[in-house]
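Worth knowing before you read on, the calculation uses all heavy atoms, side chains too, and leaves out hydrogens, waters and symmetry mates.
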Amino acid sequence: MKNKKCLLCLTLIVVLAFTSFFAACDKRGDGKPLEGSMTIVILAEDETQTKAVEVDLSKFTDSDRLNDVIDVLAAEQKLCYKGSNGIYGMYYTAMGIPVEAEYNGETYMTDSYIIEENASAGKYVYLFTSVESDQLKVTEGYTAQSVEYEGQKLVEAAKGASFLELTDGAVVCFSLIVYAG
């Protein structure tokens with residue numbers, strides 16, 4: 001009986017230690033609160049379908065990244081996406097804005113994708129930013145791609161959305177690029 005109590009106590013201690021360890025590893029929300037706003041743009045091939053979403057950064061901290069913002073906007077049904085999470089972070093294959101739909105007299109929100117990857121046509125979702133420190137640097141033999149949004153030049157991001165920091169006044173843009181390999 002004494003051995004069972006010791007084993008139970010030891011198991012409880014190990015479980016608590018693991019729980020504390022993993023809780024300490026979760027840094028989300030531990031940073032300083034942010035101020036200001038940023039804009040996420042989905043730049044459509046047909047510019048009339050281009051959508052922009054203003055983001056109030058006061059809901060986030062300096063430990064959050066663009067991915068966190070996108071997840072919150074998706075939960076609030078202000079943005080929708082398709083993608084997969086891999087070793088280098090989230091890889092987006094479609095971006096859009098949920099729209100109202102009706103079925104059998106019931107109204108609900110459904111995903112409506114503005115841009116979507118089409119690998120067979122060489123079209124891929126790409127991320128551009130106005131934040132100079134996050135832009136891909138030009139190297140010999142390579143010129144960074146860019147797009148324009150409301151008169152502002154946005155340059156391809158050097159990092160993925162899982163690593164882009166949140167910056168007041170930033171404009172980040174998801175657009176399709178055509179890669180003819």
Side-chain angles (χ1 to χ4, degrees), residues 25-98 111-118 122-179:
C25 289
D26 182 16
K27 296 183 181 183
R28 183 166 157 69
D30 289 346
K32 295 184 301 189
L34 295 174
E35 294 179 357
S37 66
M38 65 181 292
T39 305
I40 297 176
V41 178
I42 304 170
L43 188 62
E45 291 178 281
D46 172 5
E47 289 185 23
T48 62
Q49 293 183 333
T50 294
K51 299 290 183 193
V53 178
E54 282 293 316
V55 179
D56 177 6
L57 292 178
S58 68
K59 299 177 183 179
F60 301 95
T61 68
D62 63 357
S63 63
D64 290 317
R65 299 294 178 255
L66 181 58
N67 241 30
D68 300 310
V69 171
I70 292 170
D71 284 341
V72 167
L73 292 174
E76 294 174 349
Q77 294 188 325
K78 295 179 181 175
L79 200 69
C80 57
Y81 67 88
K82 290 181 192 177
S84 60
N85 211 355
I87 192 168
Y88 298 110
M90 180 59 88
Y91 174 71
Y92 292 99
T93 56
M95 295 295 291
I97 304 289
D111 293 344
S112 175
Y113 297 104
I114 296 169
I115 60 172
E116 194 161 3
E117 180 177 293
N118 182 347
K123 293 182 178 184
Y124 299 92
V125 175
Y126 229 58
L127 180 60
F128 298 86
T129 181
S130 65
V131 180
E132 195 171 313
S133 61
D134 289 333
Q135 295 174 348
L136 189 64
K137 304 300 179 232
V138 177
T139 60
E140 187 174 324
Y142 183 80
T143 303
Q145 296 188 47
S146 63
V147 296
E148 190 172 304
Y149 175 72
E150 293 189 350
Q152 186 174 17
K153 182 179 177 181
L154 309 174
V155 177
E156 71 180 279
K159 309 172 200 172
S162 301
F163 304 101
L164 281 181
E165 295 180 20
L166 307 179
T167 306
D168 180 31
V171 177
V172 294
C173 175
F174 289 91
S175 183
L176 289 176
I177 61 156
V178 178
Y179 176 74

Asker: Can you tell me how far apart CE (Met90) and CG (Asp71) are? Round to the nearest 0.5 Å.
Answerer: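 It comes to 6.5 Å.
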Asker: Taking Pro98's backbone N and O only, do any of them form a donor-acceptor pair with Asp111's side chain (distance below 3.5 Å, no angle check)?
Answerer: no
Asker: Kindly indicate, with the supporting measurements, whether the criterion side chain to side chain contact (heavy atoms under 4.5 Å, CB included) is fulfilled by Ile177 and Phe128.
Answerer: CA-CA 11 Å; Ile177 61 156; Phe128 298 86; 4.0 Å; yes
Asker: Which heavy atom of Glu45 sits nearest a heavy atom of Leu176, and at what distance?
Answerer: OE1-CD1, 3.6 Å
Asker: Give me the atom names and distance for the closest heavy-atom approach of Ala144 to Val155.
Answerer: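 Closest heavy-atom pair between Ala144 and Val155: CB-CG1, 3.7 Å.
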Asker: Quick one: pull up OH in Tyr124 and CG in Asn118 and give me the separation to the nearest 0.5 Å.
Answerer: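 One gets 8.5 Å once the value is rounded to the nearest 0.5 Å.
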Asker: Distance from Leu57 atom CG to Asp64 atom CG, nearest 0.5 Å?
Answerer: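 With rounding to 0.5 Å, CG (Leu57) is 9.5 Å from CG (Asp64).
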Asker: Tell me, with the steps shown, if Phe174 and Ile70 meet side chain to side chain contact (heavy atoms under 4.5 Å, CB included).
Answerer: CA-CA 12 Å; Phe174 289 91; Ile70 292 170; 3.6 Å; yes
Asker: Run Asp62 and Leu166 through side chain to side chain contact (heavy atoms under 4.5 Å, CB included) and show every step you take.
Answerer: CA-CA 7 Å; Asp62 63 357; Leu166 307 179; over 6 Å; no
Asker: Can you tell me how far apart OH (Tyr113) and OG1 (Thr93) are? Round to the nearest 0.5 Å.
Answerer: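 So the gap between those two atoms works out to 8.0 Å.
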Asker: Below 4.5 Å, heavy atoms only, C-beta onward: do Tyr149 and Val172 meet side chain to side chain?
Answerer: no
Asker: Determine yes or no for a side-chain-to-main-chain donor-acceptor pair under 3.5 angstrom, with Glu156 supplying the side chain and Gln145 the backbone.
Answerer: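 Yes.
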Asker: Evaluate Leu79 against Val69 for side chain to side chain contact (heavy atoms under 4.5 Å, CB included), listing each step before the verdict.
Answerer: CA-CA 10 Å; Leu79 200 69; Val69 171; over 6 Å; no
Asker: Please check: side-chain N/O of Thr50 versus main-chain N/O of Ala44, any donor-acceptor pairing under 3.5 Å?
Answerer: yes
Asker: Grab the two heavy atoms, one from Ala161 and one from Leu127, that are nearest each other, plus how far apart they are.
Answerer: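 For Ala161 versus Leu127, the nearest heavy atoms are N-CD2, 3.8 Å.
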Asker: Can you tell me if Lys137 has over 12 outside heavy atoms packed within less than 6.0 Å of its NZ?
Answerer: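 Count over threshold, so yes.
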Asker: With rounding to the nearest 0.5 Å, note down the distance linking OG in Ser175 to CE in Met95.
Answerer: 11.5 Å
Asker: Got a second to check how far Leu66's CG is from Glu165's CD, nearest 0.5 Å?
Answerer: 11.5 Å
Asker: Taking atom NZ of Lys159 as the centre, report whether more than 12 heavy atoms of other residues, nucleotides or ligands fall under 6.0 Å from it.
Answerer: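 Enclosed.
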Asker: Any idea which heavy atoms bring Val72 and Phe60 closest together, and the distance?
Answerer: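 The pair with the smallest heavy-atom distance is CG2-CE2, 3.7 Å.
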Asker: Determine whether a donor-acceptor pair (N or O, by modelled atom type, separation under 3.5 Å) exists between the side chain of Gln135 and the backbone of Thr129.
Answerer: yes
Asker: Closest heavy-atom contact between Ile115 and Leu43?
Answerer: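 For Ile115 versus Leu43, the nearest heavy atoms are CG2-O, 3.5 Å.
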Asker: Tell me the closest heavy-atom pair linking Cys173 and Val147, and the distance in Å.
Answerer: SG-CG2, 4.2 Å
